[in-house]
Amino acid sequence: MGMRVRTTNGTERELGQDMLATLRAGLRGPVLVPGDEGFESSRTVWNAMIDRTPALVARCLGTADVAAAVQFAREQDILLCIKGGGHNIAGLAVADGALMLDMSMMRGVWVDGERRMARAQAGCLLGDVDRETQMHGLAAVLGFVSLTGITGLTLGGGFGYLTRRWGWTSDNVAGMDVVTADGRLVRASERENPDLFWGLRGGGGNFGVVTGIDYVLYDVGPEIVGGAVAWPGSETARVLELYRTLIESAPPELTLLALIRPAPPAPWLPKEIHGQPIAAIVACYSGRVEEGETLVAPIKKFGKPVGDILVRRPYVQQQALFDATQPKGRRYYWKSEYLPDVKAELCDTLVTHAARFASPHSALILFDVAGALNRLPAEHSAVGNRDARYVVNITSAWERSEDDARNIEWARSAWSDTKPFSTGGNYVNFQTYDESAERLQAALGPALPRLAAIKTKWDPGNVFRTNRNVAPAGSHVS
Ligand SMILES: Cc1cc2nc3c(=O)[nH]c(=O)nc-3n(C[C@H](O)[C@H](O)[C@H](O)COP(=O)(O)OP(=O)(O)OC[C@H]3O[C@@H](n4cnc5c(N)ncnc54)[C@H](O)[C@@H]3O)c2cc1C
């Protein structure tokens with residue numbers, strides 16, 4: 001008895017046991033089918049709204065496994081999907097009936113302290129890279145939640161606490177190793193295949209399977225000043241006003257987030273306010289700690305906080321600060337926009353929607369990304385959005401499917417009121433499963449024609465299609 005697989009044009013067909021044996025013989029890593037131990041953990045992704053089942057999971061142990069699996073999928077015409085950290089909210093890592101390349105066993109990190117470079121295998125999570133680079137007092141420009149996959153994040157752009165100083169994550173990549181649609185291993189960098197390198201920095205998984213990424217590193221930590229101060233929800237308008245004042249003069253070493261949500265049951269927040277609205281400012285100062293302490297003093301002195309964990313702490317701890325509030329297995333729906341500034345009217349809008357959260361896990365977040373990314377030319381790489389100075393993210397999170405409609409409605413309504421404040425751009429990596437072609441256009445805009453040409457050259461058959469697809473006549477398959 002064989003198994004049902006999905007082809008690239010969406011039809012189903014039988015794959016015989018002999019072919020499964022051929023695939024298994026060609027890989028060092030295991031190939032899992034439904035029912036095998038580990039299959040469920042590969043199949044499931046961070047967002048429980050996504051419930052899809054691939055036919056086969058290849059847990060690749062190295063680049064040769066990746067090449068063999070890509071070749072097999074192409075020869076057998078089986079839909080291919082690639083799972084990095086599985087954190088994409090749209091669930092782009094998993095497709096029904098597909099052959100999934102699960103990269104989670106490729107998590108090696110090698111740091112060259114002298115050259116200030118790290119080479120990371122594509123299955124790494126952010127925390128894997130931070131842990132190794134911090135041994136050298138160095139850090140790559142990565143995101144805010146340590147359990148996110150490096151590859152999905154980097155291919156879509158990427159931003160975090162170091163973005164103000166050094167730009168998008170993808171601005172700080174020296175090169176990538178890529179297995180192309182025809183199973184070849186190529187290098188993408190400024191010198192080697194520069195067109196591919198240009199497209200990979202923003203264009204997602206459209207062009208091949210990335211097996212390794214070389215990151216440029218910077219002096220950061222190991223100790224920084226970071227954490228959060230929270231006030232009762234009744235203070236939200238004043239806290240947002242403070243946030244607006246602080247971001248006016250904050251140096252690039254200081255990244256500030258405004259976070260409005262019902263209080264999570266975190267140990268640093270008193271039990272009585274768990275579930276009650278709070279407004280918080282999250283800070284990370286990555287320069288000299290003494291200067292950081294002076295700069296965050298006005299935050300700590302402001303009003304009457306209900307909690308304050310803004311202190312000297314290890315950078316790796318800061319990078320994991322949000323992990324517990326974003327667990328795998330909840331239902332999530334986000335909407336985001338890039339902003340040129342944070343207007344008082346936008347803050348009023350956030351206050352209005354904070355008064356009607358549909359779930360205790362949802363949040364409204366403002367991120368400051370202004371700085372280095374704005375100084376590069378628009379055509380530097382596909383990620384673009386060089387006019388983005390802030391990000392607003394409306395994050396709906398809840399537990400039960402019967403609450404889907406209510407929570408999605410909350411996010412969509414808050415989004416519709418924040419859209420007028422947008423640069424017109426949005427972050428491709430924050431797009432949900434139901435985003436339209438117009439949203440992709442808004443996210444990647446002027447880069448799309450060039451991305452389509454790169455796609456035609458490197459993946460003419462659209463083998464890599466379970467993504468925000470840039471193929472000329474392409475459409476997203478899920
Ligand atoms: C809790 C949470 C926090 C986040 N915080 C941030 C943040 O601070 N900053 C930020 O910039 N973004 C952030 N994101 C967004 C994040 O960048 C995207 O969700 C990203 O897609 C995650 O990458 P992943 O590898 O985990 O995803 P996956 O779901 O595994 O993959 C995402 C896409 O990348 C492709 N892909 C994965 N690996 C490869 C590979 N090796 N080769 C080719 N294609 C590949 C997949 O096929 C898929 O299309 C966050 C997301 C979550 C859920």
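As the structure lists them, so they are numbered: ligands from 1, and atoms in each ligand from 1. Values below: every heavy atom of this structure, side chains too, minus hydrogens, waters and symmetry copies. Everything numeric in this text was worked out from a predicted model, so none of it was measured.
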Check: Does Tyr427 have a non-hydrogen atom less than 4.0 Å from ligand 1?
Finding: yes
Notebook entry, point to check: Does Gly86 come within less than 4.0 angstrom of ligand 1, counting non-hydrogen atoms of the residue?
Noted result: yes
Margin query: Is the distance between the ring centroids of Trp168 and Tyr338 under 6.0 Å?
Written below: yes
Item checked: Ring centroid separation Trp458 to Phe207 under 6.0 Å -> no
Considering only non-hydrogen protein atoms, determine which one is nearest to [atom] and report residue, atom name and distance to 0.1 Å.
atom                    : result
atom 16 (C) of ligand 1 : Thr148 CG2, 3.8 Å
atom 9 (N) of ligand 1  : Phe159 O, 2.7 Å
atom 34 (O) of ligand 1 : Gly152 CA, 3.7 Å
atom 14 (N) of ligand 1 : Phe430 CE2, 3.5 Å
atom 36 (N) of ligand 1 : Ile82 O, 4.2 Å
atom 53 (C) of ligand 1 : His87 O, 3.2 Å
atom 41 (N) of ligand 1 : Val210 O, 2.8 Å
atom 25 (O) of ligand 1 : Gly85 N, 2.9 Å

Please determine if [X] and [Y] form a salt bridge, counting it only when a charged side-chain N lies under 4.0 Å from a carboxylate O.
X      : Y      : answer
Glu399 : Arg330 : yes
Asp214 : Arg119 : yes
Glu379 : Arg386 : no
Asp171 : Arg375 : no

Among [options], which one has a heavy atom closest to [atom]?
atom                    : options                        : result
atom 3 (C) of ligand 1  : Val145, Thr325, Val209, Thr395 : Val145
atom 30 (O) of ligand 1 : Gly149, Ser146, Gly91, Gly84   : Gly84
atom 39 (C) of ligand 1 : Asn206, Thr211, Thr151, Leu147 : Thr151
atom 2 (C) of ligand 1  : Phe144, Trp334, Phe322, Tyr332 : Trp334

[X] versus [Y], closest heavy-atom pair with distance:
X      : Y      : result
Ala122 : Thr151 : O-OG1, 2.7 Å
Pro449 : Gly445 : CD-O, 4.1 Å
Tyr427 : Gly157 : OH-C, 4.2 Å
Gly175 : Arg187 : CA-NH2, 3.5 Å

So, is [X] polar-close to ligand 1, with some N/O to N/O distance under 3.5 Å?
X      : result
Lys83  : no
Asn429 : yes
Leu155 : no

Enumerated ligand 1 atoms positioned under 4.0 Å from heavy atoms of [X]:
X      : value
Ala93  : 28 (P), 29 (O), 30 (O)
Thr466 : 49 (O)
Gly143 : 7 (C), 8 (O), 9 (N)
Ala122 : 41 (N)
Gly158 : 11 (O)
Gly208 : 42 (N), 43 (C)

Margin query: Is the ring pair Trp410/Phe357 parallel, tilted or perpendicular, if the boundaries are 30 and 60 degrees?
Written below: tilted
Note to self: Would you call the rings of Phe367 and Phe159 parallel, tilted or perpendicular, taking 30° and 60° as the class edges?
What the structure shows: perpendicular
Notebook entry, point to check: From Leu440 CG over to Arg468 CZ, what is the distance, rounded to the nearest 0.5 angstrom?
Noted result: 7.0 Å
Item checked: Step-by-step salt bridge (Lys or Arg N to Asp or Glu O under 4.0 Å) determination, Arg412 to Asp434 -> CA-CA 12 Å; Arg412 292 191 71 87; Asp434 59 350; 3.6 Å; yes
